Visitor: 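Sharing a structure, written as structure tokens. Questions coming.
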Amino acid sequence: MVQLKLPDGSVKEAPAGATPRQIAEGIGKRLAQAAIAAKVDGEIVDLNRELPADGEHSFQILTEKDPDALDVLRHSCAHIMARAVMRLYPGSQLAFGPAGDFGFYYDIESPTPIREDDFPKIEAEMKKIVDKAEPFERFERPTSEGRALCADLKQPLKVEHIDDDLKKYPTLSFYRQGEFIDLCRGPHIPDAGRIGAFKVLSIAGAYWKNDATRPQLQRLYGTAFFTQKDLEAYLHRIEEAKKRDHRVLGKHLKLFTISQMVGSGLILWMPRGATVRGILETFIKDELVKRGYSPVYTPHIGRLELYRTSGHFPYYRDAQFPPMYHRPAAGTLDLCQYRLAMGEIDDKREHEYIEYMRQAHMLPPQYTRETSQSAKLEMIHEFVLVLLRDLQVDLPEYHKATNHMERADALLKWLMEQEGFLLKPMNCPHHIHIYKAEPRSYRDLPVRLAEFGTVYRYEQTGELNGMTRVRGFTQDDAHLFMTSDQVESEMKANIELVLFIFNTLGLNDYRVRLGFRDPGSGKYVGAAEDWDTAEKSLEAVVKGLGMNYTVEPGEAAFYGPKIDFVVKDCIGREWQLGTVQLDYNLPKRFDLEYIGADNAAHRPVMIHRAPFGSMERFMGILIEHFAGAFPTWLAPEQVRILTVSDKFKEYGEKVETQLKARGLRVTGDYRSDKIGAKIREAQLDKVPYMLVVGDKEQSAGTVAVRSRTEGDRGAKPIAEFVEMIEREVSERKLAGAI
RNA sequence: GCUGCUGUAGCUCAGUCGGUAGAGCGCGUCCUUGGUAAGGACGAGGUCCUGGGUUCAAAUCCCAGCAGCAGCUCCA
């Protein structure tokens with residue numbers, strides 16, 4: 001016998017071998033009909049799955065009302081979509097088909113590509129399956145038999161998955177639905193008829209097992225609901241959310257633009273957007289000075305040597321704009337040095353290198369046709385010899401070298417003597433040299449250097465996205481140099497600063513991510529013990545502040561762990577905004593010191609931090625957060641004066657002048673339109689306050705105040721309105737903002 | 001970078017079978033002078049993304065490139 005503890009607290013006994021369906025039937029016919037799946041000890045299982053034979057277990061029947069049931073439904077719908085695809089595109093191979101927040105997807109390798117035009121066909125086939133309402137039947141096989149079954153089904157990706165990851169299990173589970181059998185953990189809905197509404201949404205490429213070196217499959221996205229009404233509500237919600245898109249609003253509200261001639265990923269801040277940015281910058285700058293920061297300015301470029309020392313230039317080689325060398329040969333030799341130093345590399349790195357060389361028009365002609373890595377390196381070597389000869393570079397050490405590493409070193413030595421510059425991808429090396437410019441005592445620490453520093457990174461074309469992913473951006477950056485004793489309090493102060501900014505702006509919907517290193521990856525620099533210390537102190541600080549957070553291995557910067565504040569945009573994509581990063585590495589690389597109380601030299605610790613992340617991304621997120629309707633203190637246009645007719649233009653201008661004298665951002669709409677039209681336009685432009693002036697106001701010396709959010713608020717003396725709006729601005733009120 | 005889709009007026013988009021280009025909004029001029037989300041009339045505005053190809057003829061069909069969008073990979 002098994003004891004099942006139901007959600008209402010009662011305990012139900014059932015014989016060994018009972019199924020959730022039988023329990024549901026025992027409770028009530030209606031419940032049994034409504035049942036989708038069951039939850040046993042927190043785990044969701046099929047209705048037909050046998051319950052544990054004995055002991056006490058929590059037990060719950062899931063119905064449509066349960067969010068968990070929707071996931072089950074969607075996962076089943078993914079199977080149905082795959083089944084439809086198998087019918088329409090015989091020979092398709094299936095990969096993974098999970099459910100997610102949005103719906104579900106299935107990764108498919110089909111002999112003919114699936115196109116958007118095919119969606120109606122797929123949906124029609126899915127409808128046939130749903131209408132037949134066949135059950136999902138689970139069965140298990142010993143792993144070797146299961147592997148053979150997948151092979152029989154001509155599903156090599158499933159076989160590969162078993163070999164890679166599932167070998168450790170003694171048995172594998174499958175689900176059969178009609179002619180369709182799929183390796184799957186489950187659980188599933190009882191039968192296909194439970195799906196009330198579904199839609200195939202989109203198709204995109206996705207790498208097998210999320211690995212860019214593996215083949216790319218077609219990821220077919222869809223969603224499903226219990227009712228048609230829910231589906232329609234979802235689709236409507238998506239449409240509404242898209243109206244908040246900062247790319248759409250940025251254009252309508254004239255906040256920013258991007259010009260092909262200037263370059264993709266390079267933001268042109270228009271006057272209205274620049275106004276908002278300026279206010280944000282002043283806001284944070286004032287706050288930083290209060291908190292003991294020292295503002296600095298540094299140039300947009302720096303010597304390559306600087307970025308070789310910091311590690312940024314070699315490490316992010318292909319995510320940077322090309323280096324600027326005076327000597328023409330140097331750029332090419334630099335690329336060759338890069339390739340020789342890489343040695344034997346994987347396909348992905350090789351591919352990136354080829355693209356890089358191709359852009360520079362300097363790929364040796366035979367290079368791509370050669371398959372062996374050593375032959376490729378040899379070819380680069382031959383190419384270098386030609387370059388050295390043709391460009392008359394005298395480099396005896398290169399000729400003396402006996403292997404590619406030595407050759408790379410010889411080239412590097414020469415390159416380091418060449419004057420070269422890099423558009424700065426990071427501000428830290430510049431700030432480090434301000435730190436180094438004078439001897440530092442422990443009494444001076446922490447040194448906090450802050451700058452709105454503009455950096456340039458050559459992001460991949462597919463990544464560029466409005467203001468949220470760009471190639472030139474300004475970080476509200478600062479670097480803190482401190483003793484290790486000061487790390488925790490500085491970390492804490494910085495997290496509090498981020499929270500202060502987020503609170504001021506009403507950004508409450510964020511999550512906190514601790515980015516730690518992935519122990520299995522070689523991309524990190526620095527000693528393991530430094531990493532351990534850094535990761536531990538980060539987590540201690542966050543815990544101490546009582547924050548909810550997730551630890552994510554592999555999310556660290558290459559020089560240290562970090563804490564990120566991540567927000568979602570209007571279509572649910574996550575973006576990193578504020579970040580606080582701990583760094584034991586750069587102080588070593590740049591040999592930073594301070595003199596301690598013991599009169600000996602010590603190494604400081606660094607914190608990199610940017611509460612906004614970048615002005616561009618932050619602005620993009622803020623536009624979406626406020627749906628373009630900025631609170632009064634941020635609004636590019638705070639007040640618009642609307643005259644009832646031409647006759648009151650003079651009075652309107654008088655009011656305008658008075659408000660401007662108080663520093664308010666005010667304009668006047670004195671055109672000969674009707675007042676309704678002017679109001680409509682001001683509303684669409686998201687102006688917080690409209691001042692309607694006509695005969696009554698002119699003779700009384702008042703303004704009729706209309707708030708964007710609250711409508712007509714009646715006539716007020718000008719001074720009273722000014723006092724009200726000034727208070728709203730100084731308190732940085734969010735009221736009225738959406 | 002990869003897969004797919006898209007590219008027509010300032011914006012949003014239509015454009016049939018391949019036959020010299022359309023709407024709404026916006027903009028300009030004039031009329032209108034009004035009271036809390038659209039007053040009216042007239043008008044200007046086009047490298048149909050770029051470059052090739054097919055054709056008597058290309059916005060339309062084909063190829064390449066560029067840009068944007070969605071997803072994947074990447075992200076100091």
Side-chain angles (χ1 to χ4, degrees), chain A residues 102 105 107 113-117 201-221 242 245 247-248 251-252 254 258-261 263-265 307 310-313 315-316 318-320 348 351-352 354-356 359 424-429 455 457-466 469 475 477 515 523 555-560 562 564 571 573 575-576 579 581 583 586 608 610 642-649 671-684 690-697 704-708 711-715:
Chain A
F102 52 89
Y105 65 79
D107 287 347
I114 298 169
R115 296 161 160 274
E116 259 172 53
D117 301 343
L201 295 173
S202 62
I203 179 120
Y207 298 105
W208 169 228
K209 299 210 168 186
N210 285 341
D211 183 344
T213 61
R214 298 201 202 219
Q216 195 165 35
L217 310 172
Q218 298 185 88
R219 178 168 293 180
L220 193 52
Y221 285 89
K242 279 187 189 159
D245 192 317
R247 293 162 297 187
V248 174
K251 194 177 271 181
H252 282 322
K254 299 194 165 97
I258 297 170
S259 151
Q260 274 191 45
M261 271 310 253
S264 37
Y307 290 101
S310 72
H312 291 106
F313 178 60
Y315 191 87
Y316 290 104
D318 27 46
Q320 284 164 0
K348 185 168 178 260
H351 183 77
E352 281 168 2
I354 289 172
E355 280 309 307
Y356 215 67
Q359 275 181 1
K424 73 174 167 187
M426 284 286 275
N427 299 304
C428 31
V455 297
R457 300 176 185 175
Y458 195 80
E459 303 287 0
Q460 303 185 118
T461 51
E463 302 306 338
L464 297 176
N465 190 282
R469 191 81 185 260
Q475 298 175 311
D477 209 359
K523 75 169 192 173
E555 288 292 319
F558 75 96
Y559 50 72
K562 56 179 186 163
D564 292 329
I571 49 177
R573 287 180 295 211
W575 300 98
Q576 173 197 312
T579 180
Q581 314 180 349
D583 183 359
L586 285 183
H608 309 235
L642 312 178
T643 46
V644 168
S645 90
D646 283 353
K647 281 180 280 188
F648 312 107
K649 179 165 185 248
R671 296 171 306 169
S672 64
D673 278 318
K674 291 175 85 164
I675 191 67
K678 291 185 182 183
I679 287 169
R680 181 182 140 84
E681 201 164 304
Q683 287 283 150
L684 292 175
M690 287 150 262
L691 301 182
V692 176
V693 295
D695 199 16
K696 281 177 284 185
E697 290 74 20
V705 179
R706 183 189 163 93
S707 140
R708 181 187 65 215
D712 191 355
R713 291 178 54 183

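Keep in mind that what you see is a predicted model, and the values were worked out from it rather than measured. Per chain, numbering begins at 1; letters A, B, ... match sequence-line order.
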Visitor: CZ of A:R115: more than 12 outside heavy atoms within 6.0 angstrom?
Guide: no
Visitor: Can you say whether a donor on the side chain of A:R457 sits under 3.5 Å from an acceptor on the base of B:C75, or the other way round?
Guide: no
Visitor: Counting any heavy atom closer than 4.0 Å, what does A:A204 reach on the DNA or RNA strands: base, sugar-phosphate only, or nothing?
Guide: base
Visitor: Could you identify the nucleotide paired to B:C69, looking across every strand shown and requiring Watson-Crick or G-U wobble geometry with both distances under 3.5 Å?
Guide: B:G4
Visitor: For A:N465 and B:A70, is the shortest distance between a side-chain N/O and OP1 or OP2 below 4.0 Å?
Guide: yes
Visitor: Pick the P atom in B:A21 and in B:A38, then give their distance to the nearest Å.
Guide: 36 Å
Visitor: The side chain of A:Y207 is closest to which nucleotide in this list: B:A70, B:C72, B:A67?
Guide: B:C72
Visitor: Just to be sure I understand the rule, does A:H252 reach a base, reach only the sugar-phosphate, or reach nothing, if contact means heavy atoms closer than 4.0 Å?
Guide: sugar-phosphate
Visitor: Sort out the partner of B:G18 for me: Watson-Crick or G-U wobble, both distances under 3.5 Å, none otherwise.
Guide: none
Visitor: Go nucleotide by nucleotide along RNA chain B from the 5' end; which of A:N210 and A:M426 gets its closest nucleotide reached first?
Guide: A:N210
Visitor: Classify A:K649 by what it touches in the nucleic acid, base, sugar-phosphate, or nothing, heavy-atom distance under 4.0 Å.
Guide: nothing
Visitor: Under the 5.5 Å and 30° test, is A:Y316 stacked on the base of B:A76?
Guide: yes
Visitor: Reckon A:Q320 touches a base, only the sugar-phosphate, or nothing at all at heavy-atom distances under 4.0 Å?
Guide: base
Visitor: Whole angstrom is fine here: how far is it from OH in A:Y315 over to C1' in B:C75?
Guide: 10 Å
Visitor: Could you check how far CG of A:D211 sits from C1' of B:G71, rounded to whole Å?
Guide: 17 Å
Visitor: Nearest-Å distance, CG (A:L217) to P (B:U3)?
Guide: 13 Å
Visitor: Mind telling me whether A:F558 and A:Y315 have parallel, tilted or perpendicular rings, with 30° and 60° as the class edges?
Guide: parallel
Visitor: Quickly work out the A:W575 CH2 to B:A76 P distance and round it to whole Å.
Guide: 14 Å
Visitor: Taking only the P atom of each, what is the distance from B:U50 to B:U32 in whole angstrom?
Guide: 45 Å
Visitor: Counting distance only, does the side-chain N/O of A:K678 pair as donor-acceptor with the main-chain N or O of A:R671 below 3.5 Å?
Guide: yes
Visitor: Please check if any side-chain donor atom of A:K674 sits under 3.5 Å from a side-chain acceptor atom of A:S645, or the reverse.
Guide: no
Visitor: Flag the pair A:Y316 / A:Y307 as yes when their ring centroid distance falls below 6.0 Å, and as no otherwise.
Guide: no
Visitor: Give a yes or no on whether a salt bridge exists between A:R706 and A:D712, defined as a side-chain N under 4.0 angstrom from a carboxylate O.
Guide: no
Visitor: Write down the distance separating the P atoms in B:G15 and B:G52, rounded off to the nearest Å.
Guide: 28 Å
Visitor: Round to the nearest Å and state the distance from A:E555 atom CD to B:U73 atom P.
Guide: 11 Å
Visitor: Sticking with atom C1', work out how far B:C11 lies from B:C27, rounded to a whole angstrom.
Guide: 11 Å
Visitor: Does A:R214 make a side-chain donor-acceptor contact with the base of B:C72, cut-off 3.5 Å?
Guide: no
Visitor: Strictly by Watson-Crick or wobble contacts shorter than 3.5 Å, is anything paired with B:U12, and which nucleotide is it?
Guide: B:A23
Visitor: Protein within reach of the bases, or only the backbone? For nucleotides 27-38 of chain B, mark each nucleotide 5' to 3' as B, S or -, using heavy atoms under 4.0 Å.
Guide: S----BBBBBBB
Visitor: Tell which nucleotide pairs with B:C42, taking only Watson-Crick or G-U wobble pairs whose two distances are both under 3.5 angstrom.
Guide: B:G28
Visitor: Counting only Watson-Crick or G-U wobble pairs whose two distances fall under 3.5 Å, which nucleotide matches B:G35?
Guide: none
Visitor: In this structure, how many angstroms lie between the C1' atom of B:U6 and the CG atom of A:D117, rounded?
Guide: 13 Å
Visitor: Would you indicate what A:R573 reaches in the nucleic acid, counting non-hydrogen atoms under 4.0 angstrom: base, sugar-phosphate, or nothing?
Guide: sugar-phosphate
Visitor: Taking atom P in both B:A58 and B:G19, compute the distance separating them and give it to the nearest angstrom.
Guide: 11 Å
Visitor: Between B:G51 and B:C66, how far apart are the P atoms? Round to whole Å, please.
Guide: 15 Å
Visitor: Given atom CZ of A:R469 and atom P of B:A70, what is their separation to the nearest angstrom?
Guide: 14 Å
Visitor: Crowded around A:K649 NZ? As in, over 12 foreign heavy atoms under 6.0 Å?
Guide: no
Visitor: Run the salt-bridge test on A:D211 and A:K209 with the 4.0 Å N-O cut-off and return the result as yes or no.
Guide: no
Visitor: Is the cationic atom of A:R214 (NZ for Lys, CZ for Arg) positioned less than 6.0 Å from the six-membered ring centroid of A:Y207 and within 45 degrees of its normal?
Guide: no
Visitor: Can you see which heavy atom on A:H608 is nearest to which on A:L586, and at what distance?
Guide: CE1-CD1, 3.8 Å
Visitor: Could you check which nucleotide pairs with B:A76 in any of the strands shown, counting Watson-Crick or G-U wobble with both distances under 3.5 Å?
Guide: none
Visitor: From B:G71, B:C74, B:C11, pick the nucleotide closest to the side chain of A:K251?
Guide: B:C11
Visitor: So A:I571, base contact, sugar-phosphate only, or nothing? Heavy-atom distance under 4.0 Å.
Guide: sugar-phosphate
Visitor: With nearest nucleotides of RNA chain B determined for A:R219 and A:Y559 from heavy-atom distances, which residue corresponds to the more 5′ nucleotide?
Guide: A:R219
Visitor: Measure from CD on A:E116 to P on B:A70 and round the result to the nearest Å.
Guide: 13 Å
Visitor: With a non-hydrogen cut-off below 4.0 angstrom, is A:L464 in contact with a base, only sugar-phosphate, or nothing?
Guide: sugar-phosphate
Visitor: What does B:U55 pair with, Watson-Crick or G-U, if both distances are under 3.5 Å?
Guide: none
